[in-house]
Amino acid sequence: MTAALQFLFQRLPPSLPQTQQAHAALLKCGTVPFDTRPTANLLALYAHHIRLADAAVLLRFIPRPDPFPFSALISALVSARLFSPALALFSSMLSLGFPPDPFVLPVALKACAALPSLPIGRQLHSLSLVAGISADPFINSALVHMYLKCRAVADAQLVFDRMTDKSVVTWSAMIAGCATHGRVGEALQMFKQMRTSGVQPNQITWNGLLVGFNRSGHPQETVLTMRRMHSEGFEMDEVCISSTLSAVADMESVAIGSQIHGYVIKAGLEVNSSVLSALVDSYGKCGRTEEMVRVFDEVGSVDVGSCNALIAGLSRNSRADDALKAFKEFKAQGIELNVVSWTSTVACCSQNGKDMEALELFREMQAAGVDPNAVTIPCLLPACGNIAALMQGKSAHCFSLRKGILMDVYVGSALVDMYAKCGRIKDARAIFDTMKTRNVVSWNAMIAGYAMHGKAKDAIDLFLSMKRNMQKPDSITFISLLSACSQAGLTEEGERYFIELQQEHSIIARVEHYACMVSLLGRAGRLNEAYDLIRKMQVEPDGCVWGALLSSCRVHNNVRLAEIAAEKLFQLEPENAGNYVLLSNIYAAKGMLDGVDRMRDIMKNMGVKKEPGCSWIEIKNMVHMLLAGDKSHPQMSQIAEKLEKLSVEMKRLGYHPSTDFVLQDVEEQDKEHILCGHSEKLAVALGLISTPSGTPLRVIKNLRICGDCHAAIKFISNFEGREIHVRDTNRFHHFKDGHCSCGDYW
DNA sequence: GTAGGGTTAG
């Protein structure tokens, strides 16, 4: 009876109701739990359906010692990607006295590879030696695979070299592993060796090679391998195509992408989810947004992978609003969005100035039960830094600690950046010091942090330590370093680093480096040299370069160069009101009474419509300054008349007539709410007021400021009788008694 | 009953 049932049992199709029927039948004839094999088979079937609780109950009933039920359950756990429980069960199997056999050990090794856990993998290796089964080809193949996944390439090589009978599976594992670790030459060499030793590659070997090349950042090799594979008559399946498309995306080659797209259509592969995701991604990375959307719409797939590729593609092609719209639509359609979907959308927001939205999405994500991972955190943290949302930044820090991802180099670097931008330079350094691995981004984040806080000496010390640690500086490192030197007035050091970056590191000076140098020379009063440097630039100077010159001209009141810089600047950034303000201030400082008319003419010629109030208020202040200087000036009545007209016009346009007036209102109304114009950017800048010693940041909400933000800051500083730190776009300014420590004009 | 290849987020 039992034998007959077992016969039937092994032929059962793997459906859950039939498994349950068989269970009932076995119970009826009293087989379960007294006969080992049928019970074990039943257990295996339950495990297959991931009914692990049922399987575990049966495991307790197995009467005679038999490792098979354990193996079956461990196998099922691994298939269900429950790797840690699988290893835990393996461990209890050993403690019950069952020796590891050649069937269960490869499965346990697969779990180690998937985690990955090198220490457990090594224990399993010793176990196979102790048990005397270390010659088993399955165990050795699994060991090779495990060591490769754990990045222990030398160990994998050792096991591989000692093997006598290498199957195609073993070769494939080793070849794929070499390719994945970027050992292009070795992988190809092995491929040859395998063939000469008489082992033919079936499809998987080729794919392993190709996937490995793609993952290790060798897109050209990936495409070449695909071509060779095709010419040798192997079928290009979905695995091959999706990996090659990913490589094409890295190469940004529309031509190859379109060819593969043609093949995909012919082979009917576009319905495959991996292929479609890779296709959408590759059009997105090549900047072909229209094609990307068309492919996505044509297939009409609701696969989450291609949805994610679409969100990312829209986001990276400056279509952040469309990306957000797509995300919301997918959610409304009931598509099961995963951690990649949420992370891409958070990244889309934090990279496109939608910082509040990024924070809100992160909250929603957790409410939706999607667990953020080591990629989500570095996508979220820039948003925290941008708006100095220290509390949210700290909670992301705590989250990383709980999740055990604090050692991730991206997480660490993003935390350094966030703390620095929130005014917490000491906390940034503490994170930096505890990081186990650092890359150039980590060093840059810390150096930029010091530069932002005006700590030039610390920035230079860290730069020297970076070089001692054999970390090669890049273009970004020098931008921070030069900016720090410029702020601190370390002219000679700055000049030396400007030469070093080009001569020692063969970095081509970018427009940002020039802007720092212009600022550096300008601050030292070497305005003509700064202007010469601009004229000698190999790249076209942008608004930052001319802006640096204009600001320096303000410090040293040089009208001649200021007008040259301003003319260029007004052409490049006609709507940036701050530039007009700077020039008008230089006129004022020089006591040029015709300054008002000059400014009005310039603005009229430039067709400035946006934010005229900013400049007008500044012009008005200038006139005030002039009047204060010489009350008996013959043009006084004329100026007063102009002033009156300006006031009326400003009121008509909805601008507040006087900044002083607004600031006086603050005390009675609401200190947290100052209104004097329109400028979102400055609102953010003033939203970042902090106290000097790093005590909690005080965020002034709803602050809307016009060109007089400087006056407002001075006012707040005086008004509250204390020092404040204000973060401009990329640096902190320290105010005391209405003066700024950096020496800039405010 | 055991071993090798898949895309999308920093």
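Please read these numbers as outputs of a predicted model, since none were measured by experiment. Values reported hereafter were calculated over all heavy atoms of this structure, with side chains retained and with hydrogens, waters and symmetry mates removed. In what follows, every chain begins at residue 1, and chains take the letters A, B, ... in the order their sequences are listed.
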Identify every side-chain donor-acceptor pair in residues 133-140 of chain A under 3.5 Å, counting partners at least two apart or on other chains, and give the distances.
unit_1, atom_1, unit_2, atom_2, d
D136(A), OD2, F138(A), N, 2.8
D136(A), OD2, I139(A), N, 2.9
N140(A), ND2, S134(A), O, 2.9
N140(A), ND2, D136(A), O, 3.2

Q: Quickly work out the L210(A) CG to dG6(B) C1' distance and round it to whole Å.
A: 10 Å
(Q) I need the CG-P distance between L127(A) and dT2(B), as an integer number of Å. (A) 20 Å
Q) How is S344(A) classified with respect to the nucleic acid when contacts are heavy atoms under 4.0 Å: base, sugar-phosphate, or nothing? A) sugar-phosphate
Q) Ignoring hydrogens and angles, does a donor from either the side chain of N207(A) or the base of dG6(B) sit under 3.5 Å from an acceptor on the other? A) no
Q: Quick one: label A374(A) by what it contacts on the DNA or RNA (base, sugar-phosphate, nothing), any heavy atom closer than 4.0 Å.
A: base
Q: Round to a whole Å and report the spacing from NZ of K110(A) to C1' of dG5(B).
A: 12 Å
Q: State which of dG10(B), dT8(B), dT7(B) makes the closest approach to the side chain of A309(A).
A: dT8(B)
Q) Hey, is the side chain of R215(A) poking within less than 4.0 Å of OP1 or OP2 on dG6(B), counting only N and O atoms? A) yes
Q: Name the nucleic acid region contacted by A72(A), choosing base, sugar-phosphate or nothing; use a 4.0 angstrom heavy-atom cut-off, strictly under.
A: nothing
(Q) I need the CG-C1' distance between D408(A) and dG10(B), as an integer number of Å. (A) 9 Å
Q.
E186(A): which residues meet the salt bridge (charged side-chain N to carboxylate O under 4.0 Å, His left out) condition with it, sequence neighbours left out?
A. R183(A)
Q | For atom CZ of F191(A) and atom C1' of dG4(B), their distance in whole Å | A | 13 Å
Q. Base, sugar-phosphate alone, or nothing: which one does V375(A) contact when heavy atoms must sit under 4.0 Å apart?
A. base
Q) Of the nucleotides dT8(B), dG6(B), dA9(B), which one has an atom closest to the side chain of N308(A)? A) dT8(B)
Q: Between dG4(B), dG10(B), dA9(B), spot the one nearest the side chain of D281(A), thanks.
A: dA9(B)
Q) In whole angstroms, how far is the P atom of dA3(B) from the CG atom of D101(A)? A) 13 Å
Q.
Could you work out, with side chain to side chain donor-acceptor pair (under 3.5 Å) as the rule, every residue matching Q157(A), not counting sequence neighbours?
A. D161(A)
Q) For the pair made of CZ in F90(A) and P in dT2(B), what is the distance, rounded to whole Å? A) 16 Å
Q) At their closest point, which heavy atom of A420(A) faces which heavy atom of A428(A), and how far apart are they? A) N-CB, 3.9 Å
Q | Qualifying residue, where the test is side-chain contact (heavy atoms from CB on, under 4.5 Å) with F90(A) and the options are L127(A), I120(A), L77(A) | A | L127(A)
Q. Less than 6.0 Å separating the ring centroids of F191(A) and F213(A)?
A. no
(Q) Side chain of V211(A) only, heavy atoms from C-beta on: which candidate in dG6(B), dG10(B), dG4(B) is closest? (A) dG6(B)
Q | ring-ring contact (aromatic ring centres under 6.0 Å, His included) contacts touching residues 216-241 of chain A (sequence neighbours left out) | A | W206(A)-F234(A)
Q: Check every atom of dG4(B), dA3(B), dG10(B) against the side chain of T170(A) and return the nucleotide holding the closest atom.
A: dA3(B)
(Q) Can you classify the ring geometry of F70(A) versus F98(A) as parallel (below 30°), tilted (30 to 60°) or perpendicular (above 60°)? (A) tilted
(Q) Starting the side chain at C-beta, find the nucleotide from dG5(B), dG4(B), dA9(B) nearest to V239(A). (A) dG5(B)
**Q.** Any residue of residues 133-149 of chain A with a heavy atom less than 4.0 Å from an atom of DNA chain B
**A.** F138(A), S141(A), H145(A), K149(A)
Q) Taking atom types as they are modelled, is there a donor-acceptor pair under 3.5 Å from the base of dG6(B) to the side chain of N272(A)? A) yes
Q: Quick one: label T205(A) by what it contacts on the DNA or RNA (base, sugar-phosphate, nothing), any heavy atom closer than 4.0 Å.
A: base
Q) Who passes side chain to side chain contact (heavy atoms under 4.5 Å, CB included) against I476(A), sequence neighbours left out? A) N444(A), D474(A), R510(A)
(Q) Let's test your reading of the model: under 3.5 Å, does the base of dG1(B) pair with the side chain of S71(A) as donor and acceptor? (A) yes
Q. Under 4.0 angstrom, heavy atoms only, what part of the nucleic acid is S167(A) near: base, sugar-phosphate, or nothing?
A. base
Q.
Is there a side-chain contact between S277(A) and the phosphate of dG6(B), meaning an N or O under 4.0 Å from OP1 or OP2?
A. no
Q: Please tell me which of the listed nucleotides, dA3(B), dG10(B), dT8(B), lies nearest to the side chain of K285(A)?
A: dT8(B)
Q | W171(A) CH2 to dG5(B) P, straight-line distance once rounded to whole Å | A | 17 Å
Q: Check every strand shown and say whether N373(A) touches a base, only sugar-phosphate, or nothing at a heavy-atom separation below 4.0 Å.
A: base
Q.
Of the listed nucleotides (dG6(B), dT7(B), dG10(B)), which one gets closest to any side-chain atom of S246(A)?
A. dT7(B)
